[in-house]
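The residues of the chain are indexed from 1 along the displayed sequence.
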Amino acid sequence: MKHKALHEMISARYLMRELRRLMARDMSIQARLDRIVSLLAESLNVDVCSCYILRPGDLLELYATYGLDKNARHETFLRVGEGLVGEIALQRKPLFSEDAWAHPSFVYKPETNEKAFKSLAGVPLIRSNRLLGVLVIQTKKKQTYTSETIELLETVAMVVAEMLTGQHLTAPERENVAPMGRQKLDAVSLIEGFAIGTIAIHKRMSQAVNLLAKDSQQEIQRLHAALETVEQEINKILATSHMTGEQSAIFDTYLMFLKDKGWILKMTKAIEAGLTAEAAVQKVGEEIAERMQMMTDPYIKERVHDFNDLGARVLKHLRGKPSASKNKKMLKNTILVAKTLGPAELLDYDLSKIKGLILEEGSQTMHMVIVARSLNLPLVCGIKNVCSVLAEGDYVALDATAGIVYVNPSDETLDDLNTRTATRRKLEAKYHQIASLPAETVDGVEISLNINAGLSNDLTLPENTLFHGVGLYRTELPFMLSDTLPDVRMQENIYRRVLIKAKGRPVVFRTLDIGSDKVLPYFHHKGEENPAMGWRSIRMTLDRRALLRNQLRALIHAAADRELFVMFPMISSVDEFLEAKATLNIELERARLQQAHMPQKVKVGTMIEVPSLIFSLDRLLREVDFVSIGTNDLAQFLFAADRGNPNIWNRYDNLSPALLKALRIIVHRCQEAHIPCSVCGEMAGRPLEAMTLVALGFTSLSMNPTALGPVKSAIRAMNYQQLSDYLEKQLSVSSRSLRDRLISYARDHGILI
Ligand code: PEP
Ligand code: MG
């Protein structure tokens, strides 16, 4: 027995060393798998070792084998659930049988010539919760398998799974194994478009690059050091921050996990089997998470997230400094996947490499989605457990127009997407043709189209694009891009650059609108129950008056000898507006006293995003120079429906009579008072909604630059008077939404929406 254990240990070492060499060599997947199965068979002293790969339709293909008839490779298929191999895939658990023929699930495949073999042991190939195939060994004699053998098989399975999906695959090689794990995932489209690329997962327990280690003792030491650092880190968090009972309970659970002897022992064993500390944390972590997920107890299920987070913390310390997203190595065509993502987090990435986004949770007017729209990034959401369903390195085609993600897309899918991309380009060419024409309805009503901006490339529009100005400049976006709070000088430079780029067009600068989901990395404030309705935006800048004054000072300097338009966000009462305006006047007075170059003229306006202002219009319209309606927030507050909550965001429709009537009140009152009124929420950038706003009486809209073409095309096709009369009648019907009627109207009148 002793002799057997020693033999097993020596062969495991040999196997790991050879595996390490093999992974370092440049060879095709087929050649590598062929070598791995022979190596495993040799070192475990078994007669057969085979690797089955999962194909579309839940079929397991015999991909590489040592011991079975080689001609059966790529010819033998088993369904998931069929035979012992299928059983392993179905259960996603190791299985071993002394006498496979006697097993009730056994199925004989004559072409493999496996008649001669008795015992069988196999493990699933799983990566990030996704089944990729099965690895099996067989012997001629009946025999049992030790837990060490099964663990060794699992370790090799992990390396194989990594190889099949990870960085070791280049795109052309992947083509050869493309059918593997081909999947079609349904999602919700948030920003239309197409993208083809490689998946990068945001902030999850990303895969260890080096799986196999040379020096186990050193790896064990690294693991313990990382565990200790995480423990210190958590103790520090517990000691220094003010947490609710629930929050501190989470960290207490982390501490409990950190001291769990079983977990540590499992990781130590995995390292002793030849893995690096990172790979061991990952392997054991995935096994435990998988087991926890299977539990029926919802409390334990929920702890999976905590456990994964803890694993990520340990990995972070094993790798050294946490790498900023910007430094994350990404391929040229990356599709970023996240459970959810904040705008600042998105902006932290190298955006030149990101071609599309897939989120678990998202909604049309979430700030991150608005930022992504201005970057023209196709985006879908609504795929449950997306960070487990997709894995780092997966090759996907994203059809964000239809709301589908194709994993390992077939050639037909790629052809189809390319054709549709070409159609889209044709449409864009059509928009380009009308770019220099006015946005005028068929019956001669001219609409002023403006853009929403905040990122430096927002103002880089094709030369001939006709637009009136910047209807909303979100000043918080450059703040989000900065690592520290920009001082007056820095801000002044930013704003001056915007004005220069706008080439004399008016630019409406909205003062800082931070808080809610717009967080600045360097500006912490206590968590709130309802951050969207909390201490945000103008409420915060009035309380932190220096912040507001510095910003206004920078704007005044930047607009020297030009027109300055200042707009305050989230104003809820006229007094609040007056307080903000008084602050601007103080800064103007200060600049005058300093004999600074002054703006030619200054116009002050407010966003209408809080419903209370609708009932304060009489007084408000006497104080403002202009207003702009932020329908994203106005709708959220009118319907009491969190704009970022995926469970409710589409429960209420912007084309509901309720919201449209509220908008009608505002536009009519502004017309009477001769106060310019615009809409700058996302709805102004959607052709159907934009034509409806025009029919309500709005003559100025501000939108994402990419929406200019589609919106102008719809406006140029509509008859204002006709649609206005039609809408007027519809507004009195009792209906949840007028969307369907308006779509029919557009179709009947040849308006492309
Ligand atoms: C709005 O609320 O409609 C708006 C334009 O502001 P933001 O989306 O930045 O909150
Ligand atoms: Mg808003």
Q30 side chain to Y63 main-chain N or O, any donor-acceptor pair under 3.5 Å? yes

May I have all residue pairs that pass side chain to side chain donor-acceptor pair (under 3.5 Å) and include part of residues 256-265, sequence neighbours excluded? E231-K259

Which residue pairs satisfy the ring-ring contact (aromatic ring centres under 6.0 Å, His included) criterion with at least one member in residues 16-49, sequence neighbours excluded? none

Between atom CD1 of I358 and atom CG of L341, what is the distance when rounded to the nearest 0.5 Å? 12.5 Å

Test side-chain contact (heavy atoms from CB on, under 4.5 Å) applied to S410 - qualifying residues, sequence neighbours left out: R182, E412, T413

Residue list, side-chain contact (heavy atoms from CB on, under 4.5 Å) with E361, at least two apart or on another chain: K339, T340, P646

Sequence neighbours left out, what passes side-chain contact (heavy atoms from CB on, under 4.5 Å) with K332? Give chain and number order. none

Got a second to check how far I126's CD1 is from E154's CD, nearest 0.5 Å? 9.5 Å

Which atoms form the tightest heavy-atom contact between S50 and L68, and what is the distance? OG-CD1, 3.6 Å

Quick one, V380 and L185 - any side-chain contact, counting heavy atoms below 4.5 Å? no

Can you sort out the partners of E287 under salt bridge (charged side-chain N to carboxylate O under 4.0 Å, His left out), two or more places apart, ordered by chain and number? K283

Of all pairs that satisfy salt bridge (Lys or Arg N to Asp or Glu O under 4.0 Å), the ones with a partner from residues 77-86, not counting sequence neighbours: E82-K109

Donor-acceptor list for residues 135-142 side chains, cut-off 3.5 Å, not counting sequence neighbours:
residue	atom	partner	partner atom	Å
Q138	NE2	E114	OE1	3.1
T139	OG1	S119	OG	2.3
T139	OG1	K141	O	2.7

T149 side-chain N/O to Y145 backbone N/O, donor-acceptor pair under 3.5 Å: no

Counting C-beta onward and ignoring hydrogens, is there a side-chain heavy-atom pair between L152 and M16 closer than 4.5 Å? yes

All heavy atoms of I150 vs all of P94, minimum pair found to be CG2-CB, 3.9 Å

Residue set satisfying salt bridge (charged side-chain N to carboxylate O under 4.0 Å, His left out) with E61, at least two apart, ordered chain then number -> R55

For the residue pair A277 and I271, what are the closest heavy atoms and their distance? CA-CD1, 3.8 Å

Assess whether side-chain contact (heavy atoms from CB on, under 4.5 Å) is satisfied between T198 and D394, documenting all intermediate values. CA-CA 5 Å; T198 310; D394 269 353; over 6 Å; no

Expected output: side-chain K355 to main-chain S352 donor-acceptor under 3.5 Å: yes

Distance col, row L19:CG vs Y14:OH, nearest 0.5 angstrom, shows 11.0 Å

With distance as the sole test, does E111 use its side chain to make a donor-acceptor pair with the main-chain N or O of A72 at under 3.5 Å? no

Stepwise side-chain contact (heavy atoms from CB on, under 4.5 Å) test for V85 and V107: CA-CA 9 Å; V85 171; V107 170; over 6 Å; no

Considering only heavy atoms from C-beta outward, does the side chain of I264 approach that of H224 to under 4.5 Å? yes

Knowing that exactly one of L132, L125, V134 qualifies, which makes a side chain to side chain contact (heavy atoms under 4.5 Å, CB included) with C51? L125

Aromatic rings W101 and F106: how do their planes relate, parallel, tilted or perpendicular, breaks at 30° and 60°? tilted

If you define the side chain from C-beta out and look only at heavy atoms, does anything of M158 sit under 4.5 Å from L211? yes

Please test L90 against L131 for side-chain contact (heavy atoms from CB on, under 4.5 Å), starting from the C-alpha separation and ending with a verdict. CA-CA 9 Å; L90 183 72; L131 179 79; over 6 Å; no

With no hydrogens and no angle check, just 3.5 Å: does a side-chain donor-acceptor pair link Q232 and E228? no

Qualifying residues under salt bridge (charged side-chain N to carboxylate O under 4.0 Å, His left out), relative to E18, sequence neighbours excluded: R21

Sequence neighbours left out, what passes side-chain contact (heavy atoms from CB on, under 4.5 Å) with A225? Give chain and number order. none

Mind running side-chain hydrogen bond (donor to acceptor under 3.5 Å, both in side chains) on Q217 and Q221 for me, showing each step along the way? CA-CA 6 Å; Q217 278 319 309; Q221 276 169 17; 5.5 Å; no

Any donor-acceptor N/O pair, T334 side chain to L336 backbone, under 3.5 Å: no

If you round to the nearest 0.5 Å, how far is CZ of F96 from OG1 of T144? 8.5 Å

Y406 side chain near Q183 side chain, heavy-atom distance below 4.5 Å: no

Min side-chain heavy-atom separation M267-L223 under 4.5 Å: yes

What distance separates T112 OG1 from E75 CD, expressed to the nearest 0.5 Å? 12.5 Å

Where do I383 and V405 land on the side-chain contact (heavy atoms from CB on, under 4.5 Å) test, with the steps shown first? CA-CA 9 Å; I383 301 177; V405 179; 3.8 Å; yes

Which pairs, with at least one residue in residues 34-53 and sequence neighbours excluded, count as a salt bridge (Lys or Arg N to Asp or Glu O under 4.0 Å)? D34-R73

Tell me whether E219 is salt-bridged to R222, with the criterion being a basic N under 4.0 Å from an acidic carboxylate O. yes

Side-chain heavy-atom pair V371, M368 within 4.5 angstrom cut-off: no

